Amino acid sequence: MYSTAFLDLPPLQAAAGEVHLPGSKSISNRVLLLAALSNGTTTVHDLLASDDTRVMLDALRQIGCTVDETGSTVRITGLGGRLPQSPAKLFLGNAGTAMRPLTAALALLGGEFELSGVPRMHERPIGDLIDALRQLGCQIDYLGNDGYPPLRIAHGQGVPPLALAAPIRVRGDVSSQFLTALLMALPLAAGTQAIVIEVVGELISKPYIAITLQLLARFGIVVEHQNWQRFTIAAGSRYQSPGSIHVEADASSASYFIALGAIATSATGQKDAKSGIKIQGVGLDSIQGDIRFVEAARAMGAVITGGPNWLQIERGAWPLKAIDLDCNHIPDAAMTLAVMALYAEGTTTLTNIASWRVKETDRIAAMATELRKLGATVEEGADYIRVTPPAQSADWKAAGIHTYDDHRVAMCFSLAAFNPARLPVRIEDPKCVAKTFPDYFEALFSVAQVDTTHIPVICIDGPTASGKGTVAAAVAQRLGYRFLDSGAMYRITALAALRAGFAIDADHEARIATLAQTLPVRFEGGKVWLGSDDVTEAIRTEEAGMNASRVSALPAVRTALVDLQHSFQRLPGLVADGRDMGTVIFPEAPLKVYLTASAACRAERRYKQLISKGFSANIEDLRADLEARDARDSSRSVAPLKPAQDALVLDNSDLTIEQAVEKVLAWWQERQPFAASAQR
C-alpha cells in the first residue's frame with residue numbers, strides 16, 4: 001500500500017492482464033457480525049483485509065467473541081446467547097458497515113457501550129436507526145450532535161421488555177444500512193411472535209438489502225418481504241453458524257477494472273489472447289448488487305463476458321457512449337461511471353444518488369469538484385450529477401485530486417491517467433484506499449502499460465560518501481517510487497557469481513553476464529534483497545567491494561547490468577543513485593542531481609559511521625582515501641564521475657539529510673504541472 005502524501009500517476013496508455021480482487025467489504029462485515037451473534041464457530045474464508053474489517057474485528061474481540069486470524073481466514077466463536085462484555089468503548093473508524101449494525105445489535109443484546117469513530121463518522125447520520133430502536137424501548141443517547149455518532153448505549157445488564165407487537169418503522173431513503181442493521185439485530189429478540197419492519201419512503205440501494213437477506217439465510221434466519229417495503233422475521237428465529245463461509249470478491253472494486261478495460265486499449269491495440277482485463281473473484285452470477293455495473297458499462301460501450309467468479313472486459317465502442325441512468329441499484333459503483341463519462345461522447349447524467357451526500361464524504365460535491373479540475377463541465381443537484389467531458393485533448397488539465405479520505409474517490413480518479421492529452425494525475429492521500437482495497441494501486445500498475453519514456457526518473461549521482469544513497473532512498477520513499485542503488489548492483493553480481501561457482505575473471509565473463517541479466521534484485525525497507533535472501537550485510541564487506549571492482553572490469557557484465565538497471569524504470573517512477581545514472585544510464589531523466597560535499601566533511605561522516613559500528617578509523621587517512629578515489633573515478637575511461645550537463649549541483653556539506661531531501665523534492669515539485677496542490 002502507498003502511504004505517501006500523494007502519488008503521481010504518469011500518463012498511462014494501455015492495459016491488459018489479470019486482476020485478483022479482495023473480498024467484498026459489504027459481505028465481510030456482515031458475515032463477521034452474523035458470526036459473532038451466532039451459536040458455534042464460523043470459519044470465514046477470503047475475508048477482506050482493510051480498515052473497515054479491522055475495526056469490526058477489534059470490536060468483536062472487545063465484546064467477548066473469540067477471534068483467530070490466519071491470513072485471509074478468520075475463525076469466530078460467537079456469543080451464542082451470552083451477554084456481551086461491557087462496559088466497552090468501541091472505535092469504529094469511518095466504517096458505516098460496522099457502526100450501524102453494531103449499534104442495533106448491542107442495543108438489543110444489553111450492556112453499556114460507547115461507539116465512536118473518526119470526525120467524518122460523527123457527521124454521518126444515524127438518527128433514523130436510533131429512532132427505530134427507541135421505538136422498541138432501547139436506551140441510546142447521543143454524546144455529541146443529535147442524530148449522529150458518537151453514541152452511548154446504557155442498558156446495564158439486560159434489556160427491558162421490547163415493544164415488538166407493532167411494526168418497527170424505519171426510513172429507507174437515507175441509507176439502506178439502517179434497515180440492514182435492524183434485519184441483523186432483531187432476530188436476537190424473536191420469540192413466539194414474528195417481528196415486522198416497515199420501510200418509510202422509498203428504499204434506496206435495494207441490492208445491498210438483498211445481500212443482507214441472503215447472508216441471514218446462511219445463518220439460519222428466514223426473512224420474507226413484500227415489495228421491499230415490509231419485512232417479516234419469523235417467530236423463534238435463532239442464529240446458527242453455517243460452519244464455513246466464503247467471502248465473494250468485491251463487486252464495487254471490480255468497477256474500476258471493468259472501467260479500465262472499457263477505456264484502455266491493449267499494448268498492440270489489437271484483440272488477442274493477452275488483450276483486455278480479466279477479473280478473478282467475482283462473476284456475472286454475483287450476489288452483490290454492484291455487479292449490475294456491468295450493464296451500465298456495456299451501455300457505454302464495453303464488451304464484457306463472464307462466468308462463475310470471473311469477468312473479461314474489452315474496449316468496444318470508442319469514444320464511450322454517454323448515458324442517462326438511475327443509479328439507485330449501484331450507488332457506490334456509480335462513482336466510477338462519473339469518471340468513465342470523461343471518455344464519453346456527449347453528456348452523462350447519473351440520477352437517484354442522494355445517498356452520495358452521506359457517505360465517507362459528500363460524494364456529489366467531491367466528484368463535481370475534482371472532475372472540473374480535469375477540465376470537465378459538471379452540473380450537480382441534490383440527487384444527481386451531470387458530466388460533460390473536455391471537448392478535445394487540449395482542454396484536459398493536469399490535476400491534483402483531493403480524495404477527502406474517501407477510498408472510492410481515489411480509486412475511480414486513477415482512471416483519469418489514461419487521458420488523451422497524456423497528462424499526469426496526482427492522487428492525494430493514496431493510503432485512503434486501505435478502507436476496502438489496500439493494494440489497489442499495485443493492482444492497477446500490474447496491468448497498466450506505458451511507454452517507459454513517460455515513467456519519471458530522478459537521478460542522484462555523486463562521489464563516495466556524499467550521502468547520495470541515503471538521500472535517494474528517502475526521496476523514493478516520500479514519492480512512493482522504486483529505488484535503485486546502482487553501486488550495489490556490482491557487489492550483488494559478484495556475490496551471485498561466487499555463489500554460482502564462477503570465478504570473477506575473463507574466462508567466466510559470458511556466464512556472469514548471463515547471470516547478471518536476470519538477477520532478482522530489489523531494494524525494500526532499507527535492505528538489499530537477492531530473491532528472498534537479505535544480502536544487505538553480505539555486500540558491504542571489504543571483500544565484496546574488491547569483488548565488485550573485478551566485476552566492473554568485465555565489459556559484457558557492465559553491458560548486462562546497464563540493461564538490468566533500465567528494468568528498474570517501472571511504475572509509478574524511479575529514484576536511482578550512483579556515479580553515472582544521469583550521464584550514462586538515464587540520460588533523459590527529467591531531474592538529475594549531483595550531490596557533493598567537501599572531502600573533509602565526507603571523511604568526518606565516514607569516520608562517525610565506522611566508529612558507531614565498532615571499527616577503528618583515522619579521519620586523515622579516510623580523507624586521503626576519498627580524495628584518491630575521487631581522482632580515480634573522475635579520470636576513468638568508462639563513465640567517469642562528473643555531473644550531467646543539465647544536473648543541479650547540491651553541496652550538502654552543511655545540510656542535514658532531511659534538508660537535502662527537501663531540496664531535491666522541491667526541485668522535483670517545480671517540474672510538475674500540478675505543483676500547487678502538493679502542499680494542500
Side-chain angles (χ1 to χ4, degrees), residues 29-44 53-69 74-92 95 97-117 126 129-130 132-143 149-164 168 180-193 195 197 212 215-216 218-221 233-243:
N29 266 355
R30 282 169 171 79
V31 165
L32 290 178
L33 182 55
L34 293 175
L37 300 178
S38 296
N39 180 52
T41 298
T42 305
T43 301
V44 184
T53 53
R54 176 50 49 201
V55 297
M56 177 64 95
L57 287 166
D58 290 344
L60 297 184
R61 286 189 175 97
Q62 282 184 260
I63 65 173
C65 297
T66 301
V67 180
D68 296 315
E69 299 180 64
V74 178
R75 286 171 53 86
I76 298 176
T77 301
L79 296 174
R82 292 183 290 115
L83 290 175
Q85 292 179 5
S86 76
K89 293 184 177 181
L90 308 180
F91 176 79
L92 301 173
T97 56
M99 175 65 77
R100 277 79 177 258
L102 268 171
T103 295
L106 294 175
L108 293 179
L109 284 169
E112 298 183 16
F113 304 95
E114 289 185 13
L115 291 84
S116 64
I126 199 170
L129 174 61
I130 303 307
L133 292 168
R134 284 175 171 174
Q135 290 175 45
L136 296 169
C138 296
Q139 299 175 27
I140 306 174
D141 298 315
Y142 297 111
L143 298 178
L151 308 169
R152 183 171 187 267
I153 299 170
H155 286 308
Q157 293 301 312
V159 180
L162 300 176
L164 297 171
I168 298 113
T180 279
L182 291 174
L183 288 169
M184 295 173 69
L186 284 170
L188 298 170
T192 58
Q193 66 183 56
I195 300 175
I197 306 170
T212 301
L215 293 175
L216 283 168
R218 291 290 306 276
F219 284 83
I221 306 298
I233 299 170
S237 295
R238 291 291 183 272
Y239 278 115
Q240 182 62 44
S241 170

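If you're wondering where the values come from, they're calculated on a predicted model, not measured in any experiment.
Gln62 and Lys89 get closest at one heavy-atom pair: NE2-O, 2.9 Å. Contact detail for Gly111 and Ser86: the closest heavy-atom pair is CA-OG, 3.5 Å. Nearest heavy-atom pair across Gly64 and Arg82 is O-NH2, 3.7 Å. The shortest non-hydrogen separation linking Gln139 to Ala154 is OE1-O, 2.9 Å. Nearest heavy-atom pair, Ser237 versus Ala190, reported as atom, atom and distance to 0.1 Å: N-CB, 3.8 Å. The minimum heavy-atom distance between Gly117 and Met99, with the atom names listed, is N-CE, 4.4 Å.
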- Going through the checks in order, is the side-chain contact (heavy atoms from CB on, under 4.5 Å) test met by Met56 and Thr97? CA-CA 9 Å; Met56 177 64 95; Thr97 56; over 6 Å; no
- Under the side-chain contact (heavy atoms from CB on, under 4.5 Å) criterion, do Arg100 and Thr180 qualify, and how do the steps go? CA-CA 8 Å; Arg100 277 79 177 258; Thr180 279; over 6 Å; no
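Taking 4.5 Å as the limit, every side-chain heavy atom of Val31 sits out of range of all side-chain heavy atoms of Arg218. Looking at heavy atoms from C-beta onward, Leu92 lies out of side-chain contact with Asp58 at the 4.5 angstrom threshold. You'll find the side chain of Phe219 stays beyond 4.5 Å of the side chain of Pro187, heavy atoms only. With contacts defined as side-chain heavy-atom distances shorter than 4.5 Å, the pair Ile153/Cys138 does not qualify. You'll find the side chain of Leu90 reaches within 4.5 Å of the side chain of Ile63, heavy atoms only. Counting heavy atoms from C-beta outward, Leu34 and Ile221 have side chains that stay 4.5 Å or more apart. The shortest side-chain heavy-atom distance between Ile233 and Leu216 does not fall under the 4.5 Å cut-off. At least one side-chain heavy atom of Thr53 sits less than 4.5 Å from a side-chain heavy atom of Asn29.
For the atom pair CE of Met184 and CG of Leu37, the computed distance is 7.0 Å after rounding to the nearest 0.5 Å. If you take CD1 on Ile168 and CG on Leu133, they are separated by 9.0 Å, rounding to the nearest 0.5 Å. Here Ile197 contributes atom CD1 and Leu183 contributes atom CG; the two are 4.5 Å apart, rounded to the nearest 0.5 Å. Rounding to the nearest 0.5 Å places CD1 of Ile126 at 4.0 Å from OG1 of Thr103.
Between the side chain of Tyr239 and the backbone N or O of Ala36, no donor-acceptor pair lies under 3.5 Å. Remark: the backbone N or O of Ile140 is paired with a side-chain donor or acceptor of Arg134 at under 3.5 angstrom. Listed for the Gln193 side chain is a donor-acceptor partner under 3.5 Å among the backbone atoms of Leu164.
The number of heavy atoms from other shown groups lying within 6.0 Å of CZ (Arg75) does not exceed 12.
Residue Leu151 forms a side-chain contact (heavy atoms from CB on, under 4.5 Å) with just one option from Leu143, Ile130, Asp141, and that option is Ile130. Just one of Asp68, Asn39, Thr41 meets the side-chain contact (heavy atoms from CB on, under 4.5 Å) condition when paired with Thr77; it is Thr41.
Residues satisfying the side-chain hydrogen bond (donor to acceptor under 3.5 Å, both in side chains) criterion with Thr42, sequence neighbours excluded, are Ser241. Arg152 is linked by a side-chain hydrogen bond (donor to acceptor under 3.5 Å, both in side chains) to nothing, counting only residues two or more places apart in sequence or in another chain.
Side chains of Arg30 and Thr212: a donor on one and an acceptor on the other come within 3.5 Å.
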